[in-house]
Structures are given as structure tokens and as C-alpha cells.
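So the structure is just underneath, and the comments pick up after that.
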2 protein chains.
Amino acid sequence: MARSRAKDYDDKRLSMLHRSAELFAASGYVGTSMNTIADACGVSKALLYHYYPDKEAILFDILSSHLAKLLAALRKASAQAGDPAARFRTIVATLLELYRHADAEHQVQISSLKLLPKDKQQPLLASERILVGIMSDALAAAVPAAKQKRVLKPLTMSIFGMLNWHYMWFREGGPMTRAEYAGFVAQLVLAGADDAAAAATRPRGKAKSAGRSRQAELL
Amino acid sequence: MARSRAKDYDDKRLSMLHRSAELFAASGYVGTSMNTIADACGVSKALLYHYYPDKEAILFDILSSHLAKLLAALRKASAQAGDPAARFRTIVATLLELYRHADAEHQVQISSLKLLPKDKQQPLLASERILVGIMSDALAAAVPAAKQKRVLKPLTMSIFGMLNWHYMWFREGGPMTRAEYAGFVAQLVLAGADDAAAAATRPRGKAKSAGRSRQAELL
DNA sequence: CCTACCGATCGGTAGG
DNA sequence: CCTACCGATCGGTAGG
């Protein structure tokens with residue numbers, strides 16, 4: 001029964017990984033002891049050390065499996081057929097949907113990735129950069145202004161800002177569904193980015209309204 | 001010389017507070033020891049305990065003085081004369097400008113406020129709620145769609161998402177100045193929010209372009 | 001304002 | 001001889 005044993009082993013490992021992420025998210029990485037993790041997972045500390053050589057390996061596994069999931073899904077979404085705007089919308093919706101059960105992993109990524117030694121950070125940061133690149137490429141195809149070099153990065157990071165901040169306030173059963181909020185963010189960008197890019201070239205300008213600045217852009 | 005003694009005391013306290021925020025931002029609250037803080041500030045641990053009764057008091061002071069600064073500046077900005085769009089732009093620019101020298105405090109707010117006991121969190125969360133309220137009010141006045149109850153919170157939090165995420169990527173000397181990025185964010189919202197609000201009512205819709213969805217909104 | 005410490009708890013490992 | 005695990009405890013360091 002080596003096969004089913006291995007499966008149990010992996011199920012248990014994944015469940016321990018998620019529980020650890022929840023504890024790290026709530027109390028911080030250093031603030032969560034191996035004893036606490038073991039207790040919360042209902043295993044002995046010795047068993048915990050059977051799965052992971054040390055605490056750092058747990059943190060690394062949380063982040064690398066989280067980022068691997070995001071990367072696989074966004075690669076798939078960005079390869080879909082259809083026009084650039086639809087592809088951009090799909091990428092935004094896919095990312096927000098992936099966050100549904102990964103709030104803890106997401107918070108750990110934000111606040112604890114930097115606690116790893118540099119050499120363990122490196123492959124994780126590389127994955128993050130690829131994710132950003134997928135979003136940037138989709139934007140450059142879907143939004144005219146995003147083709148300007150000075151606009152692409154701020155616009156890309158604005159979208160990650162909106163999506164990556166959602167864990168702070170978004171609640172299931174709130175004013176919008178998850179899919180609705182994804183549509184909201186995507187459309188905010190599709191409808192507003194060109195105007196925003198024009199506005200950012202003259203930050204001291206006293207444009208009286210969005211309408212006026214839209215006209216200015218069209219000149 | 002009680003006066004200048006008091007001044008020195010306060011200068012020293014503020015400088016220790018900022019240095020502590022930097023250490024907390026880099027290594028986490030639990031991951032930063034009182035010995036490390038004392039060494040980094042060039043004082044003995046005993047002197048550190050002369051300024052603060054315990055480690056928790058340092059964290060609380062970092063957050064409460066940071067939030068007090070934000071609150072005072074945003075109250076002033078929201079009281080300015082002018083049309084609603086200009087006031088909204090000013091609020092966004094003010095917030096981003098305040099973040100210029102407060103990256104560490106900002107990161108500590110995001111990742112360590114929750115480590116305080118509930119009763120110490122409470123006044124800080126109340127300040128955060130007032131900040132959100134100032135932004136919401138400015139939005140409701142400047143953006144037609146923001147008057148819809150289901151739109152106001154997601155839109156408000158999208159703006160905080162963009163602004164509060166900037167520490168992750170924004171660098172002085174990058175593609176945009178701070179003021180330019182503030183103008184970019186404000187205009188993205190002013191030009192795109194009404195479209196976005198319309199899009200979020202039918203997230204599965206396959207609108208072919210921003211133009212089409214703008215028309216749909218006007219019907 | 002320092003050195004010398006404390007009770008407790010940390011991450012990690014022993015024997016079986 | 002291996003793996004999967006346990007109760008107990010190691011040497012060092014934390015906040016105070």
C-alpha cells in the first residue's frame with residue numbers, strides 16, 4: 001500500500017502547510033512556535049520535523065506552492081483565445097478567484113517572504129516577477145496607454161495593489177461578489193487608464209473634470 | 001533648562017521610534033529584540049526601558065503617531081475649497097506625499113497592528129476608519145457612481161489598495177514622480193469609476209470594449 | 001544608565 | 001534494516 005500511504009502523507013503535509021500559513025498570518029512567522037504549529041495540526045513536534053527539516057522550510061514551502069499555483073493559473077489564463085481586453089479581464093478574475101482560499105498564504109507572502117535568507121528568496125522573487133510580467137503583457141495588449149514605458153509599471157502595480165489589498169476588506173456576502181469586484185477592477189483600468197496616463201504627465205494641471213482631461217488626451 | 005531637556009528627550013524618543021519602525025519593518029515585531037533596538041539606537045537597554053514601559057508600547061506609539069499624522073493632514077486636505085474632483089485629487093496627493101518618509105511605519109501598520117491586544121488595537125482601528133471615511137466622502141462628491149452604496153466601499157478600498165501598495169515597487173527616480181503617480185491614481189478613478197460600476201453589475205457579460213460598456217451605462 | 005541576571009520559552013534533537 | 005513516529009529534553013536566547 002505504498003501508493004495510498006504516500007497519498008496520506010501528502011494530504012497531511014498539505015493540510016499542515018495551510019494551517020501553518022494561517023498561524024503565520026495571524027501571529028507572524030517568528031511569533032508562531034513549532035510547538036504551536038504541531039498542536040494546531042494535532043501532531044507531535046517530532047512528526048512535524050519528520051515532514052520538514054526546520055521552520056524555515058515550512059515558510060518556503062507555503063510561499064513556493066502558493067506562487068506555483070498562481071503562476072500555473074495565470075499562464076493558462078494568458079494563453080486563452082479572444083481579444084486582449086477579454087484576456088485581461090480573465091487574468092484579473094482568475095487571480096482574485098485564486099485568492100479565495102489563500103488569504104493566509106497571501107498575507108504570509110506580503111509580510112514574511114523577506115524573512116527568508118536571500119538565496120531562498122531568490123526563486124520566489126523570480127516567480128513574482130513572472131506574474132507581474134504576465135499582467136504587464138496583458139495590459140500592454142489591452143490598453144493603448146500601457147504601451148508607454150513610463151506608464152506600464154505604475155499601471156501594472158496599481159492593479160496588483162487593488163487585488164492584493166482585497167484581503168483587508170473584502171468579505172463574502174458584501175456589496176459585490178468576487179467576480180463582480182474583478183470586473184470592477186478590470187473595467188476601471190480599461191476605461192480609465194488612458195486618461196490617467198495623460199493626467200500623470202502634468203500633475204500640477206488644474207483640469208476641471210474628467211471630461212476636460214479626456215479631451216486634452218485626444219488632442 | 002527643563003525646556004531643552006524636554007526637547008532633547010522628545011527628539012531622542014522620536015528618533016528611537018522611527019528606528020524601531022525600520023527594524024520592525026525589516027525583521028518583524030517579534031523578530032526584533034529589545035537588545036537589537038537598543039543597539040541600533042545607540043542606547044542601553046535600560047535607557048530604552050526608561051522611554052517605554054515595554055516592547056508593546058513602542059509598537060503602539062509607532063502606529064498611533066503615524067495614524068495621527070495621516071488623520072491631521074487628510075482632515076486639512078478635505079476641508080480645502082474648490083470643486084469635488086480637485087479635493088479628491090488633493091487628498092490622494094497628500095496621502096502619497098505623507099508616505100514619502102513613512103514606508104517603515106506603513107509596513108508596520110499593515111503587518112503588526114494585529115499583534116497588539118484587542119483593546120490597544122481599538123483606537124488605531126478607529127483612526128483607520130476615519131481615514132477611510134474621509135476618502136469615501138470625497139469620492140461620493142467627486143464620482144457619480146460612488147453614490148451607489150454597493151460601489152462606494154469597493155471603490156474606496158481600491159484607491160487605498162493602489163496607494164498602500166506603492167511601497168512595494170515605487171522608487172524615487174522611477175518612471176513617475178510621486179506627484180505624478182498621485183495624479184495617475186486620481187484620474188484613473190475619476191475617468192474609469194462610472195464605467196467600472198456599470199461593469200460590476202454584470203461580471204459575466206462579454207462587453208467587447210470600454211466604449212460599448214460606456215454606452216450601456218448611459219442607457 | 002550598566003551588568004548581571006530571572007523565569008519561560010524558543011527551535012531543534014536525543015534515545016528507543 | 002527501514003520508515004514513521006513518540007515523550008522528553010537539549011543548548012541558547014528571548015523580554016523584562
>> Below the 4.0 Å mark, does D/dA4 have OP1 or OP2 next to a side-chain nitrogen or oxygen of A/His50?
In response: yes
> When the distance from CG of A/Asp39 to C1' of C/dC10 is rounded to whole Å, what number comes out?
Replying inline: 14 Å
> Salt-bridged, A/Asp61 to A/Arg13, with N to O below 4.0 Å?
Replying inline: yes
> So, are A/Glu172 and A/Arg100 salt-bridged, with charged N and O less than 4.0 Å apart?
Replying inline: yes
> When the nearest nucleotide of DNA chain C is assigned to A/Tyr29 and to B/Ala46 on a heavy-atom basis, which residue is associated with the more 5' position?
Replying inline: B/Ala46
> Side-chain N or O of B/Ser33 less than 4.0 angstrom from OP1 or OP2 on D/dG15?
Replying inline: yes
> Atom NZ of B/Lys45 to atom P of D/dT13: distance rounded to whole Å?
Replying inline: 13 Å
>> Expected output is a numbered-order residue list: members of residues 54-66 of chain A with a heavy atom under 4.0 Å from any atom of DNA chain C. What is it?
In response: A/Asp54, A/Lys55
>> Please convert DNA chain D into dot-bracket. A pair counts if it is Watson-Crick or G-U wobble with both distances under 3.5 Å; crossing pairs go in [ ] and bases paired with another strand get |.
In response: .....|.|.||.|.||
>> Under 4.0 Å, counting only non-hydrogen atoms across every strand here, what does B/Thr32 touch: a base, just sugar-phosphate, or nothing?
In response: sugar-phosphate
> Would you call the rings of A/Tyr99 and A/His166 parallel, tilted or perpendicular, where under 30° means parallel and over 60° means perpendicular?
Replying inline: parallel
>> If we ignore hydrogens and angles and just use 3.5 Å, is the side chain of A/Ser111 paired with the main-chain N or O of B/Ser111 as donor and acceptor?
In response: no
>> Distance check needed: D/dG11 P versus A/Met34 CE, whole Å only.
In response: 20 Å
> Quick one: which of A/Lys69, A/His18, A/Glu22 gives a side-chain contact (heavy atoms from CB on, under 4.5 Å) with A/Glu105?
Replying inline: A/His18
>> Output the rounded distance in Å from CD1 (A/Ile37) to P (C/dG11).
In response: 8 Å
> How long is the line joining CZ of A/Arg13 and P of D/dA4, in whole Å?
Replying inline: 13 Å
>> Would you say that more than 12 heavy atoms from the other residues, nucleotides or ligands in this model lie under 6.0 Å from the NZ of A/Lys114, or not?
In response: yes
>> Taking the minimum atom-to-atom distance to the side chain of A/Asn35, which one of C/dC10, D/dC6, D/dG15 wins?
In response: C/dC10
>> If you count every heavy atom of other residues, nucleotides or ligands that lies below 6.0 Å from A/Lys120 atom NZ, does the total exceed 12?
In response: yes
> So, does A/Tyr29 use its side chain to make a donor-acceptor pair with the main chain of A/Glu56 at under 3.5 Å?
Replying inline: yes
> Counting side-chain heavy atoms from C-beta on, which of D/dG15, D/dA4, C/dC1 comes nearest to B/Tyr49?
Replying inline: D/dG15
> What is the distance from OH of A/Tyr52 to C1' of D/dA4, rounded to the nearest Å?
Replying inline: 16 Å
>> Taking B/Gln109's backbone N and O only, do any of them form a donor-acceptor pair with B/Ser112's side chain (distance below 3.5 Å, no angle check)?
In response: no
